[in-house]
Amino acid sequence: DTLPERFGPGAFGFGRPAEPAQVATLDIDVRPDGTGLPAGSGTVATGAVIFAAKCSACHGAGGTGGPNGALVITDATPGKRPAKVIGNYWPYATTVFDYIRRAMPFNEPGSLTNDEVYALTAFLLHRNKLIDEKTVMNAKTVPAVRMPAQASYVPDDRTGGPEIR
Amino acid sequence: DTLPERFGPGAFGFGRPAEPAQVATLDIDVRPDGTGLPAGSGTVATGAVIFAAKCSACHGAGGTGGPNGALVITDATPGKRPAKVIGNYWPYATTVFDYIRRAMPFNEPGSLTNDEVYALTAFLLHRNKLIDEKTVMNAKTVPAVRMPAQASYVPDDRTGGPEIR
Amino acid sequence: AMAATVMQTALANGLQVGLPDDPTKQMGTPPGKLGSRSRFETLAKAPSDISSRSPLQDFKGMITPSDLHFERHHNGVPTIDPATYSLTIHGLVDRPTVFTLADLKRFPSVSRIAFLECSGNFRTGKETMTPQDICGLTSQSEWSGVRLSTLFREVGVREKASWFLAEGGDAALMTRSIPVRKGWDDAIVAYAQNGEAIRPEQGYPVRLFLPGWEGNTSVKWLRRIELGDAPWHTREETSKYTETIKDGRIRQFSFDIDARSIITFPTYPAQIERGWVEVRGLAWSGRGKVSRVEVSTDAGKHWQVAELQAPVLDKAHTVFRHLWRWEGSETLITSRVVDETGYVQPTLKQLLDARGPDTGGYHMNPVTAWLIKPDGRVLYQPDYGR
Amino acid sequence: AMAATVMQTALANGLQVGLPDDPTKQMGTPPGKLGSRSRFETLAKAPSDISSRSPLQDFKGMITPSDLHFERHHNGVPTIDPATYSLTIHGLVDRPTVFTLADLKRFPSVSRIAFLECSGNFRTGKETMTPQDICGLTSQSEWSGVRLSTLFREVGVREKASWFLAEGGDAALMTRSIPVRKGWDDAIVAYAQNGEAIRPEQGYPVRLFLPGWEGNTSVKWLRRIELGDAPWHTREETSKYTETIKDGRIRQFSFDIDARSIITFPTYPAQIERGWVEVRGLAWSGRGKVSRVEVSTDAGKHWQVAELQAPVLDKAHTVFRHLWRWEGSETLITSRVVDETGYVQPTLKQLLDARGPDTGGYHMNPVTAWLIKPDGRVLYQPDYGR
Ligand code: HEC
Ligand code: HEC
Ligand SMILES: [Ca+2]
Ligand SMILES: [Ca+2]
Ligand SMILES: [Ca+2]
Ligand SMILES: [Ca+2]
Ligand SMILES: [Ca+2]
Ligand SMILES: [Ca+2]
Ligand SMILES: [Co+2]
Ligand SMILES: [Co+2]
């Protein structure tokens, strides 16, 4: 870092202020505590219908597998490790909402309404045995889902130096 | 240079011996002392005919100029420096033979016989007032032509360091 | 000086078409607006649906030609108009700001040669694998852009900002959470690669570039940076780009690329002849400079220090070379790098011992060995170091 | 890991065609065998019948993209089949030898980043000239190949050999006489450029590369090297590539490229805005490293030391940068380099004073200045330093 100290905040004056309305159209991320979740809600039953129509071609019936992989815990094939899916590997349910909203369906990203994303989130969390079939998903309930994998997550423990980790 | 000393002559053994006959087909260069000049000869008169047919389109009638520049000393245009041509700028006549043989005519390089190159050399040296119109050019006579520019040539006198040269 | 109006129209029949019998006797192709690759060179990446691997075995030197830089996308390469492109920085900042491409180019700039490697860059299996097959998801360019620290100062990043979210403008809207300290340290908001604008496959017009960190964090087609006080736990840092390690733990935010080397010659499908052979390859570390590369030509019994091509740069592919006299017997050749932190490139067994057998494919950097057959054929040795 | 068979056929209607309204909502282009340049980038060299000039003002960093490397040919670019290519070394050697391309690649190799500049690289005239117009006949690559010294040892160059002839296999059969000491020092018989095979325009498959020396001596399409005891005085080292200096003398074999710098931003046709401006450019010397670049933003009254981008390499284009606050008044900006021999880049007047007014166009490396108009337009100043 070689800039002289005088180049503090706003010193160059390049760029224009980001208007809150503009930021809002881009600011679609969702955090583990639920910050960023929009209004709306969805049920497991609605999610099942949407999933069958828009997702199962790639992820199999009910998310059990397909050309682009399983999304739900399936019975372990003998001798094979269980697939890493939402129910056994994802630490936060908010990520399910965030990811589906930004990236799925793969061939039509950004095409779902918030209610549809809530419904798909409900459906996948239910199929992963994380919520029962009556629990409605919304900005309050998604961050409250307890995810079994969360306890397993540790930050990087490699530090450089001779030790192999 | 970081190779150990043992990598002296022939150490790697890559490549194959160059057979003298193979080398001869490539070894077309001519040196100031005439080394490399082939058998054969040519006259100014023959050169004039070939030049008109194969060269004058690009270098003008008799080499006095054209789309690709003059080859002979021409009357200086007032206020303009004289063009750098064979008669006033080239230090060795051997270069005329060597260059024409390897590179001219520009659109048919390598197409002239040695006798034709001798003839063109004779013609251009004559038009540059370096030989009279009777002198035949061959392996003996080309290196013997006295070139006025030769005395002006000095090796690079720049040596790095602060002096601008 | 020389009048140079070559009469190309009248004499165009002299120009080379096809392969000339003798190129010294026909006019060549005139100078042009863009150079070309020789028609005799058939360099190519190896594409799959999600990535494309650099042909490491074909490269000389340390720079990767831009059109052979590896690719890894999460939903293809977007087409972004530079005239409408913008980068928004917001969140825990005093001055949320939108920067156009022109704005970014006005700031003080920086250039550096550094590698970029996907943390999923390891495949093994058959003997007929090339370096491209095994670890072709690494490439090196000279990257230019504005330091992220400069932008941080400009927008007034607040003291309590500890993480930021970087978001791409592709169809995957790729997102990663990055510690703010990396932004103050050496992160670049890059708009150029090897002298020219970043190529579309590498993030045109603007990408994040985090020297030494796993490739996915250098978010391409960067459209937004949000400053926050905790990581987001996006899908790409939970479901993916994490590795299970011992005791059922899941290692997350494993940003640094561990030191690695690979011999790129001789390797499959080369066939060598007896006599002197220059064993060469690439070595790099995400933690700094390569200190040393050792080569063994007797299956790991003895190791010799290879020559490193200067300049040895920080977080950069470094060419190593070792001259070896092969007398014709079957043997294994292999290389290992030591980086400036003292880390020694491990064997696959050492990695699996340390992480457990279920660790998966991220951050795998084992030593790689090649079997030299008595007839000079070279085969990958997937079992070496197990 | 992830199964990744994206159903591209069934869903191909989702792929981007043309410019998408919102690239985050359409699948992007899948990974490919070769990357591409963005359709929005219109980089091009400026070709004439005999050369093509690199767009220096468009480059970022120190590497020149290979397809934008300047060209200078004496009868176009030949098409050479690498399978039949050979290099013959003969003359004052113990072992005249023919090397195929494969032979050359078996020898110990070396790589280095260095500039290549045509010694005829200076034009001046109108205010609307760009750096490309003024000195676009310089470029920089990472060159790889075998040291000529290695080949000299291999063929047994005799002690009395003091010069060699390098001959190209193009339609000009280009020839230059080179002192043998350059071969022992740092000459490379190069077969690679920026990681891949040398491009046809730069000498495919093999060229001589003489770091720091005038470009013409780095004979392209190298087919023959003959060792001798005196220079040949070929046409390219007598009629051309010589300069008249004072007292009617003609300077010959002026191999070294004198130190030079040029601002590449801001330059014509850029238009700047008031406020902070990063003045940047390239500096280099054929005699070693750049020691210092000084920038003046007040027509040469005061000079400030610019920042040099690390690594500063020997005989290499080096990026310099100087942050300047422009308040809107008309001024001249200019740069000058000092190399490690203590040479200070001269003005045109200093050059003409030293060499005389008839010196011609070779080895002209004057400081170059740019006029900043109050409206921010930037114009070349041909009269500066006269
Ligand atoms: C055209 C194929 C396709 C369709 C349709 C599709 N997906 Fe996907 N899905 C993918 C691919 C490919 C990936 C992996 C993307 C990557 O890794 O970058 C993926 C990944 C996912 C993941 C993350 C899996 C993990 O373990 O990380 C979720 C969750 C998901 N999809 C949900 C959905 C939902 C919900 C729908 C329907 C709304 C859907 N997908 C429709 C192809 C598809
Ligand atoms: C199609 C155009 C063309 C034709 C025909 C042509 N030349 Fe040239 N000649 C050129 C060009 C172009 C150059 C400069 C080449 C260069 O500098 O690389 C040149 C250069 C020369 C030079 C060197 C001039 C100098 O001062 O350095 C000589 C001598 C020459 N030509 C002789 C000939 C002769 C003799 C012929 C006929 C046998 C011939 N030329 C036919 C285009 C032509
Ligand atoms: Ca700074
Ligand atoms: Ca947010
Ligand atoms: Ca040596
Ligand atoms: Ca000879
Ligand atoms: Ca022909
Ligand atoms: Ca669509
Ligand atoms: Co990756
Ligand atoms: Co030149």
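Chain letters run A, B, ... following the sequence lines, proteins first, then strands; residues in each count from 1. What you see is a predicted model; the values in this text were computed from it and never measured.
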Give the member of [options] that has the highest number of heavy-atom pairs under 4.5 Å with chain C.
| options | value |
| --- | --- |
| D/A197, D/S52, D/P47, D/G32 | D/G32 |
| D/A44, D/P82, D/A46, D/P311 | D/P82 |
| D/S141, D/G35, D/P205 | D/G35 |

With a 4.5 angstrom heavy-atom cut-off, could you sort out which part of [X] is near chain D: side chain, backbone, both or neither?
| X | result |
| --- | --- |
| C/S111 | both |
| C/A192 | side chain |
| C/L313 | side chain |
| C/F107 | backbone |
| C/V110 | both |
| C/D58 | backbone |
| C/I113 | side chain |
| C/E273 | both |

By a 4.5 Å heavy-atom criterion (distance strictly below it), what part of [X] contacts chain C: side chain, backbone, both, or neither?
| X | answer |
| --- | --- |
| D/S51 | backbone |
| D/R53 | neither |
| D/D170 | backbone |
| D/L173 | side chain |
| D/H73 | side chain |
| D/S144 | side chain |

Just by distance, no angles: are the side chains of [X] and [Y] close enough, under 3.5 Å, to form a donor-acceptor pair?
| X | Y | answer |
| --- | --- | --- |
| C/D358 | C/T244 | no |
| C/E41 | D/Y204 | yes |
| D/S54 | D/S139 | yes |
| C/Q57 | C/Q132 | yes |

Practice task
Please determine, among C/H69, C/M62, C/R223, the option with the most heavy-atom pairs under 4.5 Å with chain D.
Solution key: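 Ranked by contacts with chain D, first place is C/M62.
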Exercise for the section: Considering only heavy atoms and a distance below 4.5 Å, find which of C/S38, C/G360, C/A310, C/G61 pairs most often with chain D. Expected result: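 Among C/S38, C/G360, C/A310, C/G61, the one with the most close pairs to chain D is C/S38.
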Thinking salt bridges, do [X] and [Y] make one under a 4.0 Å N-O criterion?
| X | Y | value |
| --- | --- | --- |
| D/R37 | C/D67 | no |
| D/R112 | D/D314 | yes |
| D/E71 | D/K45 | yes |

Exercise for the section: Mind jotting down which residue pairs meet the salt bridge (charged side-chain N to carboxylate O under 4.0 Å, His left out) criterion with at least one end in residues 197-206 of chain C? Sequence neighbours excluded, please. Expected result: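 Sorted result for residues 197-206 of chain C: C/E196-C/R199.
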Handout entry: Within 45° cone of D/Y191 ring axis and under 6.0 Å: C/K60 NZ or CZ
Key =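 No, a cation-pi geometry is absent between C/K60 and D/Y191.
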Practice task
List for me each residue that meets side chain to side chain donor-acceptor pair (under 3.5 Å) alongside C/S109, sequence neighbours excluded, and say none if there are none.
Solution key: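 C/S109 satisfies side chain to side chain donor-acceptor pair (under 3.5 Å) with D/E278, D/R321 only.
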Handout entry: Point-to-point distance, once rounded to the nearest 0.5 Å, from CG of D/N75 to CE of D/M174
Key =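 That separation rounds to 9.5 Å.
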Practice task
Say whether, by atom type as modelled, one donor and one acceptor occur between the side chain of D/W221 and the main chain of D/P200 under 3.5 angstrom.
Solution key: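 Yes; judged by distance alone, with no hydrogens or angles, the pair exists.
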